[in-house]
Amino acid sequence: MTSNGTPLEYSGADAVFKGVYFTPAQASGPLPVVLICHAWDGLNDEVRDKAAKLADAGYIAFALDILGGGKTMTDMADLIPTLTPFFENRAMLLDRLEAGVNAAKAIPGADLTRMGAMGYCFGGTAVLDLARAGNDNLKGVVSFHGGLQGNSLNSPKTLSAKILVLHGEDDPLVPPEEVVAFKKEMADKQADWQLHAYGQTLHAFTRPEANDPKFGAVYNRSADARSWQAMLNFFEEVL
Amino acid sequence: MLAGEHPISTESDITGLKEYRFPARFNSVAHWKNFLLTACTSAVLLPHGLMHPAALFHIPIVGAGTSIAYIFALGQAESDLPIMCD
């Protein structure tokens, strides 16, 4: 069992952020840290549950607040207005992510030589941007049903962080041509990358509340379980 | 800019705007946004990556440097009803 989440307010970039971290109950010695980047709707209870579950596996799990102020949303009408500023200004997104990386350094017991990141949907794109930026603090990143489109920011010739993409093969938000472009980007960057595509699987396959086939977002129990295990295997290897 | 903060434009002011060119820039619509805009209309994606016409409403708002949320806030809209001009 994990401890209760510990709030961690941090600032940087252009806002104040209200993150929370979970630690294993039987923690001893420095522990690897995994940053968790939420989907478009913010650091909600679903993300906290994921963080607690990850802490049960032996990690300090630090859920970031990318939107700022601890803002969460439930109205789909807020989706495009929420995401547009980040996708039109990926530098701003990166600044906020790096503020989270720096904040993690203040967590007691954190082994800063073993830091990774994972994220869902928008958060999946976010952790890939951290890898693209060549952030030396990160050993590996995992994207769950995240967008794969690259950015135009400065990036090193090669990427140091290992990359795992967990993708729904039928995700209408991430079409095949975007996957192809991502593969080329990773090859060009000589990245250590892998992509697991789950068949018969749509967008948001890890979100139990997702049940909208017409929209292309449906929970998939087996893909959820397999992807979680794939992430654990990955972090065990790289952290 | 809210009405009443500037004097009413004269006819010459208006006619002087003929052939005025706004600063142009390219604006591409990412797939995810085209998908969501399309889904908002309960339609299916157009073939060959074609943009849904709903974007013709969305893009000028972005190009004007504002947002629907800002317009709603400006109009003090607190419901799903449209903003009406009295």
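The analysis underlying the following values was restricted to heavy atoms, covering all of them including side chains, and did not include hydrogens, waters or symmetry mates. On a predicted model such as this, the values are computed, not experimentally measured, just so you know.
More than 12 heavy atoms of other residues, nucleotides or ligands sit less than 6.0 Å from atom CZ of Arg48(A). Atom CD of Gln200(A) has 12 or fewer neighbouring heavy atoms from other residues, nucleotides or ligands inside a 6.0 Å radius. More than 12 heavy atoms of other residues, nucleotides or ligands lie within 6.0 Å of NZ in Lys139(A), so this atom counts as buried by the packing criterion. Within 6.0 Å of atom CG in Asp14(A), more than 12 heavy atoms from other residues, nucleotides or ligands are found, so the atom counts as buried in its surroundings.
For a residue to count as touching a neighbouring chain, one of its non-hydrogen atoms must lie under 4.5 Å from one of that chain's; by this rule Ala39(B) touches chain A with the side chain only. Heavy atoms of Thr38(B) lying under 4.5 Å from chain A are absent altogether.
For Lys162(A), the side chain to side chain contact (heavy atoms under 4.5 Å, CB included) partners two or more places apart in sequence, or in a different chain, are Asp192(A), Phe234(A), Glu237(A), Val238(A). Applying the salt bridge (charged side-chain N to carboxylate O under 4.0 Å, His left out) test to Glu46(A) and every residue at least two apart in sequence or in another chain returns Arg207(A).
The candidate from Gly49(B), Ser42(B), Ala30(B) with the greatest count of non-hydrogen atom pairs under 4.5 Å with chain A is Ser42(B).
Atom CG of Leu79(A) is separated from atom CG of Leu36(B) by 5.5 Å, given to the nearest 0.5 angstrom. Separation of atoms NZ (Lys33(B)) and OG1 (Thr84(A)) is listed at 3.0 Å; rounding is to 0.5 Å.
Applying the salt bridge (charged side-chain N to carboxylate O under 4.0 Å, His left out) test to residues at least two apart or on different chains, none of the pairs has a partner in residues 165-174 of chain A.
Within residues 175-188 of chain A, the residues having any heavy atom closer than 4.5 Å to a heavy atom of chain B are Pro175(A), Glu178(A), listed by residue number.
Considering Thr125(A), Leu173(A), Val174(A) as possible partners of Trp32(B), the one that fulfils the side-chain contact (heavy atoms from CB on, under 4.5 Å) test is Leu173(A).
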